[in-house]
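Working notes for the structure below.
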Amino acid sequence: MPMKYYLAVYGCQMNISDAERAAAVLEQIGYKKTLNMNEADLILVTMCSIRQSAVDRIHGLVDKFEIIKKEREQTLPAGRQVQTILTGCVLKRDKKIFVDGFDYVLDIKDIKRIPQLLGAKTKIKNQTDYLDITPKYENKFSANVPIMTGCNNFCAYCVVPYVRGREISRPAKEIVLEIKKLINPTSPRLRGAKEIWLLGQNVNSYSNVLKNNRIVKFPKLLEMVNSIPGNFWIRFTSSHPKDFSDELINAMATCEKVKPYLNLPIQSGDDKILRAMKRFYTVEGYKNKIKKLRKSVPDIALSTDIIVGFPGETKTQFNNTVKLFKEIEYDLGYISKYSQRAGTAAAKLKDDVSTEEKKRREKVLTDVLKQTALEHNKKLVGTTTTVLINEPKNDFWLGKDEHYRTIKVYPNKTASQIKIGQFVKAKITSVTPFTLTAEVI
Ligand code: SAH
Ligand code: SF4
Ligand code: F3S
């Protein structure tokens with residue numbers, strides 16, 4: 001019986017990508033994946049520390065492990081036991097806390113050490129960087145490609161620079177080579193990816209010096225990826241508004257594979273709060289960038305990230321965010337209640353907005369968002385869109401269109417051959433704020 005591993009993945013796309021790398025290492029030493037935690041020989045957790053609630057979830061898991069380990073002790077052969085590994089984004093102080101709850105707490109950059117920790121005899125290929133490990137891609141047609149790791153921005157509320165370290169950009173050549181392999185349907189390594197996500201905490205500050213001393217910045221990288229022959233979509237995340245340049249707008253407008261969707265986190269619609277957050281742009285500056293972008297890419301779909309209840313945020317300051325939401329008319333939004341993180345600059349400020357008030361602010365923004373998204377979507381009824389099919393459901397298929405809108409695609413009588421990973425043209429028949437219904441044409 002092969003040993004089985006179970007992955008518990010928390011956090012952003014970067015953590016999903018890292019978990020796929022850890023999975024590849026485990027497969028190399030003969031482990032097979034299971035979707036049932038209770039039958040795993042190894043449970044590997046990639047954790048997120050962005051909010052305390054994410055950390056609390058890991059405490060919940062640790063309690064579960066104790067029960068699982070006790071139960072499995074009865075059935076496993078002598079000498080064999082369930083092992084647990086914690087990796088991903090773990091704060092230093094949490095490492096100390098979790099060392100008792102896990103068999104191993106491991107820096108993500110050290111996942112190559114897993115075989116050695118588990119006592120495996122098979123040696124895995126010696127890569128210099130953990131990003132060189134070829135992931136075991138979960139999705140059959142959408143691939144995450146990290147282009148950089150870390151963050152230099154130290155926004156006052158955020159732990160990422162502490163858990164991920166400073167920014168390091170991967171060589172542009174390596175990224176292009178990796179994508180060429182990913183989109184090649186005959187490659188043994190993969191299977192013809194249709195969607196490539198370029199990942200980084202702040203992709204806009206990507207920078208790589210080539211051998212001839214030319215510098216490749218993010219807009220140039222987009223052009224390089226765009227010129228790879230093949231039928232695939234390019235998306236990227238995350239973008240910091242301070243580094244969102246005219247060159248990038250231009251690249252988005254001219255690169256036909258770069259799809260018209262952008263997440264540009266503003267975090268607050270109030271200049272004083274932005275200063276306290278150490279975001280280094282103003283609301284006016286942000287709005288001007290959006291204006292320029294909409295001029296160059298008129299059909300761009302926009303999303304943002306917001307933190308409500310940052311220390312000292314008054315009702316008036318919050319209302320500035322509401323005003324901004326109404327002005328920009330976002331299509332999607334990721335709204336978080338401020339969570340104090342030890343060690344960050346904002347931890348020195350009093351977390352003085354009550355949980356109740358944070359919840360209220362979150363709801364107010366969600367309601368505005370629902371309205372603006374619905375208004376945008378209503379205009380789409382009767383138009384056609386291209387959908388990348390992602391998941392079969394009972395009587396329809398789920399996918400995303402070029403604008404990253406979630407689409408329920410219903411087959412019509414003549415076009416029943418819908419497959420996962422296929423681009424299909426569909427006509428939009430009805431809409432809600434965040435889901436559109438369409439019929440294949
Ligand atoms: N690098 C990305 C963000 C990564 S974190 C960027 O700069 O856009 C994802 C989101 O989590 C952030 O945009 C922010 O809205 C939210 N977030 C980060 N720290 C937080 C905290 N301490 N409390 C609540 N939300 C937080
Ligand atoms: Fe965190 Fe993003 Fe700010 Fe970096 S840019 S510190 S990842 S919010
Ligand atoms: Fe969380 Fe790490 Fe991503 S802290 S948001 S998983 S970079």
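Quick note: residue numbers are just sequence positions, from 1. Remember, it's 1-based here, ligands and their atoms both numbered in the order they're listed.
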Can you find a non-hydrogen atom of Q52 under 4.0 Å from ligand 1?
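False for this residue.
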Exercise for the section: Answer yes or no for K337: is there a heavy-atom contact with ligand 1 below 4.0 Å? Expected result: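 Judged by the 4.0 Å heavy-atom criterion, K337 does count as contacting ligand 1.
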Can you list the atoms of ligand 2 that are under 4.0 Å from a heavy atom of P161?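 Reading through ligand 2 atom by atom, the close ones are 6 (S).
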Under 4.0 Å from one or more heavy atoms of F154, ligand 2 contributes atoms 6 (S)
Q) Under a 4.0 Å heavy-atom limit, does S49 contact ligand 3 with its side chain, its backbone, both, or neither? A)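 Under 4.0 Å from ligand 3, S49 contributes backbone atoms alone.
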Are any of the heavy atoms in Q267 under 4.0 Å away from ligand 2?
no
Here the gap from L86 atom CG to K95 atom NZ, rounded to the nearest 0.5 Å, amounts to 9.5 Å
Interatomic distance, CZ@R113 vs CG@D107, rounded to 0.5 Å, equals 9.5 Å
Considering only protein heavy atoms, which is closest to [atom], and at what distance to one decimal place?
atom                    : result
atom 3 (Fe) of ligand 2 : C155 SG, 2.3 Å
atom 7 (S) of ligand 3  : Q201 NE2, 2.9 Å
atom 3 (Fe) of ligand 3 : C12 SG, 2.3 Å

Counting distance only, does the side-chain N/O of [X] pair as donor-acceptor with the main-chain N or O of [Y] below 3.5 Å?
X    : Y    : answer
Y206 : A172 : yes
T406 : K400 : no
D352 : G312 : yes

Only heavy atoms count here, so choose which of [options] is nearest to [atom].
atom                    : options               : result
atom 6 (C) of ligand 1  : S339, S268, S238, S49 : S238
atom 13 (O) of ligand 1 : D305, N202, I307      : D305
atom 14 (C) of ligand 1 : Q267, K358, M277      : Q267

A student checking ligand 3 against C48 at a 4.0 Å heavy-atom cut-off should list atoms 1 (Fe), 4 (S), 5 (S), 6 (S)
N15: numbered ligand 3 atoms lying under 4.0 Å from its heavy atoms: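 Under 4.0 Å from N15, ligand 3 has these atoms: 6 (S).
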Checklist entry - Given the rule in the side chain to side chain donor-acceptor pair (under 3.5 Å) test, do D331 and H376 qualify, once you have shown the distances and angles that lead to the verdict? => result CA-CA 7 Å; D331 299 279; H376 286 183; 2.8 Å; yes
Fill in: Heteroatom test (N, O or S) for C151 near atom 4 (Fe) of ligand 2, limit 2.8 Å
yes
Is the NZ or CZ atom of K315 both under 6.0 Å from the centre of the six-membered ring of F318 and within 45° of that ring's axis?
no
